[in-house]
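Chain A is the first sequence line, chain B the second, and so forth, proteins listed ahead of strands; every chain is numbered from 1. Computed from heavy atoms alone, side chains included, the values below leave out hydrogens, waters and symmetry copies.
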Amino acid sequence: DVQLVESGGGLVQPGGSLRLSCRASGFTFGSYWMSWVRQAPGKGLEWVANIKQDGTDKYYVDSMKGRFTISRDNARNLVYLQIDSLRADDTAVYYCAKTRVGTTCYFDDWGQGTLVTVSS
Amino acid sequence: QSAPTQPASVSGYPGQSITISCTGTSSDVGDSNYVSWYQQHPGKVPKLMIYDVSYRPPGVSNRFFGSKSGNTASLTISGLQTEDEADYYCSSYTSTSTLVFGGGTKLTV
């Protein structure tokens, strides 16, 4: 079975940085795009970024370019999201999602999410 | 990148049918056959219900039907059941190779 386990969330002060991790198992990690999606408390889903199988292509939502960096380590089945200059409105549950891209595009498996709280 | 518009809420009685719309632009929904729909129960992880406008993944009931016309995609749920009560989100691939979610719709049964 596909498993995606996020970690690295927690309470961070405004202006701080955080690196989220997502460990994947149950599928050939290096064969799939991976994405990060976030959900602020009581709000809707917001796509953040995705990364190609070999890490050569990365895409971000315009509003997060510059502060968010997605990366992956295929040898360790890990995908990361580095978030810098954290702001209060970055407070959200961050999900990683296995993503089908190519002749299709959708998120077919999701992790349980990790909560990031930005507050002083 | 503005989010496609979904109604904030829809409701129906058990056994009835409802339709949730997802209205985007010619740069996302209107330009893409890669529209998907997700169901999210409170406190739970989103679940894929429809992909590529109208395809159902294995295990998803055939009561869920997806379609698209122009800049608007739709999710129709027939024979409403109480367990269908959840939030529903559309998602679309865009002309700039990014993805965007609709604002979400709360379905009350």
Visitor: Examine whether an atom of A/Asp108 lies under 4.5 Å from a heavy atom of chain B, and if so say whether it belongs to the side chain, the backbone or both; otherwise answer neither.
Guide: both
Visitor: Write down the atom of B/Tyr89, the atom of A/Gln39, and the distance for their closest heavy-atom approach.
Guide: OH-NE2, 3.4 Å
Visitor: Shared ILVMFWY cluster between A/Val93 and A/Val61, side chains joined below 4.5 angstrom?
Guide: yes
Visitor: Got a sec: does the NZ of B/Lys44 have more than 12 other heavy atoms crowding it under 6.0 Å?
Guide: no
Visitor: At their closest point, which heavy atom of B/Gln40 faces which heavy atom of A/Tyr95, and how far apart are they?
Guide: NE2-OH, 3.5 Å
Visitor: Do A/Tyr60 and A/Leu18 belong to the same hydrophobic cluster, where Ile, Leu, Val, Met, Phe, Trp and Tyr are linked whenever their side-chain heavy atoms lie under 4.5 Å apart, directly or via other members?
Guide: yes
Visitor: What distance do A/Leu45 atom CG and B/Asp87 atom CG have between them, rounded to the nearest 0.5 Å?
Guide: 8.5 Å
Visitor: Decide if the gap between the ring center of B/Tyr55 and the ring center of A/Tyr106 is smaller than 6.0 angstrom.
Guide: no
Visitor: Between B/Pro46 and chain A, with a heavy-atom cut-off of 4.5 Å, which part of the residue counts as in contact: side chain, backbone, both or neither?
Guide: both
Visitor: At a heavy-atom separation under 4.5 Å, does A/Val48 approach chain B through its side chain, its backbone, both, or neither?
Guide: neither
Visitor: Can you tell which part of A/Glu46 gets under 4.5 Å to a heavy atom of chain B, answering side chain, backbone, both or neither?
Guide: backbone
Visitor: On a heavy-atom basis, which atom in B/Asp52 and which in A/Thr104 lie closest, and how many Å separate them?
Guide: OD1-OG1, 2.5 Å
Visitor: Are any non-hydrogen side-chain atoms of B/Ser91 and A/Phe107 less than 4.5 angstrom apart?
Guide: yes
Visitor: Establish whether A/Leu78 and A/Leu4 are linked, either directly or via other cluster members, by ILVMFWY side-chain heavy-atom contacts under 4.5 Å.
Guide: no
Visitor: Based on non-hydrogen pairs under 4.5 Å, which of A/Asp109, A/Thr103, A/Thr99 is most in contact with chain B?
Guide: A/Thr103
Visitor: Return the CG to SG distance between B/Leu99 and A/Cys105, rounded to the nearest 0.5 Å.
Guide: 4.0 Å
Visitor: Establish whether A/Tyr80 and A/Leu20 are linked, either directly or via other cluster members, by ILVMFWY side-chain heavy-atom contacts under 4.5 Å.
Guide: no
Visitor: Do the side chains of B/Tyr34 and B/Val29 join up, straight or via other hydrophobic residues, at under 4.5 Å, putting them in one cluster?
Guide: no
Visitor: Check the angle between the aromatic planes of A/Trp110 and B/Phe101 and answer parallel, tilted or perpendicular using the 30° and 60° thresholds.
Guide: tilted
Visitor: Would you compute the distance between atom CH2 of A/Trp47 and atom OG1 of B/Thr94 and round it to the nearest 0.5 angstrom?
Guide: 7.5 Å
Visitor: Picking from A/Gly113, A/Ala97, A/Gly44, A/Ala49, which has the most non-hydrogen pairs under 4.5 angstrom with chain B?
Guide: A/Gly44
